[in-house]
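As structure tokens, the structure follows; a few thoughts come after it.
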Amino acid sequence: MVAAPRALAGKTGGVLLAKCPDVEITGTTQHDAWQARALPPVEQLRADLWSIPVPIPDNPLRYVSVHAFALDGGGLGLLDTGWGSDESWAALTSGLTSIGAGIDEVRGVLVTHLHFDHLGLASRVREASGAWIAMHPADAGAVARLTAAGAQAMVTAEVDFLVGLGADRGEAVSDVGPPERMESFTSMAVADRLLEDGEHADFPGWRMRAVHTPGHTPGHLCFAEEQTRLFFSGDHVLPRISPNISTGHAGSADPLRNYLDSLAVVRDLDPAEVLPAHEWRFRGLDARVDALTAHHEQRLIELLTAIRTHPGSTPWELAAHLTWSRPWEQYERRMRIFAVTETDAHLRLLASRGLVIGSGGPVPTWTVSVR
Ligand SMILES: [Zn+2]
């Protein structure tokens with residue numbers, strides 16, 4: 001149920017979409033900061049709601065927006081927590097101080113999904129405050145299994161998975177890297193509360209309805225706040241980039257189909273504003289969903305064309321025939337795993353649509369279906 005571990009490293013994707021005229025930037029301060037390559041300020045969005053940018057070290061996404069809610073009866077609720085590092089912890093705690101609150105006042109933490117930039121600080125928040133942590137059962141279970149399996153098992157499973165996609169074993173081993181690099185991802189907080197689709201989070205004074213949106217991870221949650229009509233989109237819908245959708249050794253069989261279905265689920269919610277976990281707030285969820293859907297359909301056509309030109313190829317080989325943001329020869333390590341597992345996600349959707357057929361066996365190759 002876990003996405004490929006490199007996705008656990010919080011890299012959400014790097015595909016820039018064409019400008020979308022029907023998407024209106026409402027987080028103009030966030031957007032201005034982005035252009036200036038600066039961290040945006042803590043912002044008060046409503047009388048009882050704030051966004052706190054928490055930096056992600058050495059990552060092109062730069063920061064995750066933690067949302068802090070004042071709760072009826074006192075105390076705070078957080079949505080997401082930030083990357084598990086001292087620098088991020090300092091930003092979160094000083095952000096809370098700047099709004100006149102303290103980490104010890106946190107009563108509950110909602111986590112959109114299991115990636116390290118969202119869940120990474122949750123255990124530290126829980127230790128400091130006694131807060132509960134809530135996630136969707138699919139991601140909560142994945143975290144528990146990762147923790148039980150440990151870093152070495154995670155590395156072995158990922159290497160085997162990549163070999164099954166056509167990687168040379170030596171290259172897969174070097175791309176995945178040593179288990180030491182995985183250790184923080186196998187010791188994250190295990191949620192103590194579960195939230196299913198349609199349930200309301202225990203944030204007194206708010207009506208935060210969980211919307212299960214599998215795709216980026218199997219248990220990704222968005223939250224629709226029913227009084228303010230604010231929509232907290234996590235990594236499911238971002239204003240600038242397309243979130244990474246890829247296969248993994250313990251992930252969904254068809255994550256791109258899940259993702260496109262999840263886009264359709266949120267398309268017509270017509271929120272007053274979208275508050276994503278990265279980049280900036282915006283209006284125009286339907287237009288943004290349409291652009292993301294069109295991007296993947298375009299990518300599916302490109303892949304189908306590559307398979308027609310290079311029949312009998314593995315996902316590893318096919319990735320080299322697609323266009324990427326830089327020359328394929330420069331791809332290595334996590335970037336390459338990223339690209340290959342994303343290609344594999346597109347392949348699986350083409351297969352489930354009956355457009356391509358796999359050879360079977362330990363390292364399947366792919367050919368266009370004859371119909
Ligand atoms: Zn993220």
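- Of the possible polar contacts, none joining the Gln35 side chain to the Asp32 backbone as a donor-acceptor pair under 3.5 Å is found.
- In this structure, Phe203 has its ring center no closer than 6.0 Å to that of Phe223.
- Annotation for Tyr63: hydrophobic cluster partners, listed by chain and number, are Ile25, Trp34, Leu39, Trp280 (ILVMFWY side-chain heavy atoms under 4.5 Å, direct or chained).
- Between the side chain of Gln152 and the backbone N or O of Val155 there is no donor-acceptor pair closer than 3.5 Å.
- Here the closest non-hydrogen pair linking Pro311 and Arg308 is CD-O, 3.5 Å.
- The hydrophobic cluster containing Leu45 does not contain Val54, counting ILVMFWY residues as joined when their side-chain heavy atoms lie under 4.5 angstrom apart, directly or transitively.
- Remark: Arg333 CZ is loosely packed, at most 12 non-hydrogen atoms of other residues, nucleotides or ligands lying under 6.0 Å away.
- Remark: aromatic rings of His113 and His216 are close, center separation under 6.0 Å.
- At least one side-chain heavy atom of Thr314 sits under 4.5 Å from a side-chain heavy atom of Val363.
- Between the side chain of Arg229 and the backbone N or O of Asp270 there is at least one donor-acceptor pair closer than 3.5 Å.
- Applying the side chain to side chain contact (heavy atoms under 4.5 Å, CB included) criterion to Arg336, with sequence neighbours excluded, gives Glu171, Asp175, Trp316, Trp328, Tyr331, Val340.
- By the 4.5 Å heavy-atom criterion applied to side chains, His118 and Trp83 are not counted as neighbours.
- Residues Leu350 and Ile301 are members of separate hydrophobic clusters, defined by side-chain heavy-atom contacts under 4.5 angstrom among Ile, Leu, Val, Met, Phe, Trp and Tyr.
- When only modelled atom types and interatomic distance are considered, Glu225 and Gln227 share a side-chain donor-acceptor pair under 3.5 Å.
- Rounded to the nearest 0.5 angstrom, Leu269 CG and Asp286 CG are separated by 10.0 Å.
- Residues His236 and Tyr259 bring their aromatic ring centres within 6.0 Å.
- Judged by distance alone, the side chain of Thr26 and the main-chain N or O of Phe282 form a donor-acceptor pair under 3.5 Å.
- For the pair Asp86 and Arg124, the salt-bridge criterion is met [side-chain N within less than 4.0 Å of a carboxylate O].
- A heavy-atom distance below 4.5 Å is not found between the side chains of Met188 and Ser123.
- If you take CD on Glu87 and CH2 on Trp89, they are separated by 14.5 Å, rounding to the nearest 0.5 Å.
- Remark: Leu322 engages Arg299, Glu302, Leu303, Ala306, Trp324, Thr343 in a side chain to side chain contact (heavy atoms under 4.5 Å, CB included) (not counting sequence neighbours).
- With a 4.5 Å cut-off on side-chain heavy atoms, Ser88 and Leu121 count as touching.
- One hydrophobic cluster, built from ILVMFWY side chains closer than 4.5 Å, cannot hold both Leu194 and Met208; they sit in different ones.
- Taking every heavy atom of both residues into account, Val23 and Gly284 meet most closely at CG2-O, 3.8 Å.
- Residues Arg348 and Ser252 share a closest heavy-atom pair of NH1-O, 3.9 Å.
- Salt-bridge check for Asp160 with Arg169: passed, with a basic side-chain N closer than 4.0 Å to an acidic carboxylate O.
- Summarising the geometry, atom CZ belonging to Arg257 is positioned 14.5 Å from atom NE2 belonging to His346; distances are rounded to the nearest 0.5 Å.
- Note that the CG atom of Asp344 and the CG atom of Leu162 stand 9.5 Å from one another [nearest 0.5 Å].
- Within the model, atoms CG of Leu292 and CG of Leu238 stand 8.0 Å from one another, a figure rounded to the nearest 0.5 Å.
- Counting only heavy atoms from C-beta outward, the side chains of His220 and Thr112 approach each other to under 4.5 Å.
- Following chains of ILVMFWY side-chain contacts shorter than 4.5 Å, one cannot reach Leu49 starting from Val109, and the two form parts of different hydrophobic clusters.
- Under the 4.0 Å criterion applied to side-chain N and carboxylate O atoms, Arg353 and Glu297 are assigned as salt-bridge partners.
- To the nearest 0.5 Å, atom CG of residue Asp117 and atom CG of residue Asp80 are 8.0 Å apart.
- Contact record, Asn59 with Leu61: OD1-N, 2.8 Å, taken as the closest heavy-atom pair.
- Formation of a donor-acceptor pair under 3.5 Å by the Trp132 side chain with backbone atoms of Arg107 is found in this model.
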Quiz: residues 261-268 side-chain donor-acceptor pairs under 3.5 angstrom, not counting sequence neighbours:
{"residue": "Ser262", "atom": "OG", "partner": "Pro214", "partner atom": "O", "Å": "2.6"}
{"residue": "Ser262", "atom": "OG", "partner": "Asn258", "partner atom": "O", "Å": "2.9"}
{"residue": "Arg267", "atom": "NE", "partner": "Asp290", "partner atom": "OD1", "Å": "2.7"}
{"residue": "Arg267", "atom": "NH2", "partner": "Asp290", "partner atom": "OD2", "Å": "2.8"}

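- Listed by first then second residue, pairs satisfying salt bridge (charged side-chain N to carboxylate O under 4.0 Å, His left out) with a partner in residues 274-285 read Glu24-Arg283, Glu43-Arg281, Arg240-Glu279, Glu273-Arg281, not counting sequence neighbours.
- Under the 3.5 Å distance criterion, the side-chain polar atoms of Gln330 are left unmatched by any main-chain donor or acceptor of Pro327.
- Closest approach of Val111 and Ile133 over heavy atoms only: CG2-CG2, 3.9 Å.
- The closest side-chain heavy-atom distance from Asp254 to Thr247 is not below 4.5 Å.
- Nearest heavy-atom pair, Asp197 versus His212, reported as atom, atom and distance to 0.1 Å: OD1-N, 2.8 Å.
- The shortest side-chain heavy-atom distance between Leu285 and Phe231 falls under the 4.5 Å cut-off.
- In this structure, the side chain to side chain contact (heavy atoms under 4.5 Å, CB included) partners of Glu226, at least two apart in sequence or on a different chain, are His200, Arg207, Arg209.
- Between Asp48 and Trp206 there is a side-chain heavy-atom pair separated by less than 4.5 Å.
- Atom CG of Leu304 sits in a crowded spot, with more than 12 heavy atoms from other residues, nucleotides or ligands closer than 6.0 Å.
- In this structure, the side chain of Ser369 engages the main chain of Gly354 through a donor-acceptor pair within 3.5 Å.
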* To do: Step by step, work out the salt bridge (Lys or Arg N to Asp or Glu O under 4.0 Å) result for Arg126 and Asp192.
  => CA-CA 10 Å; Arg126 182 163 60 189; Asp192 31 42; 2.7 Å; yes
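- Without hydrogens or angle criteria, Ser233 side chain to Val237 main chain gives a donor-acceptor distance under 3.5 Å.
- Note: the hydrophobic cluster containing Val64 does not contain Leu221 (ILVMFWY, side chain heavy atoms under 4.5 Å, direct or indirect links).
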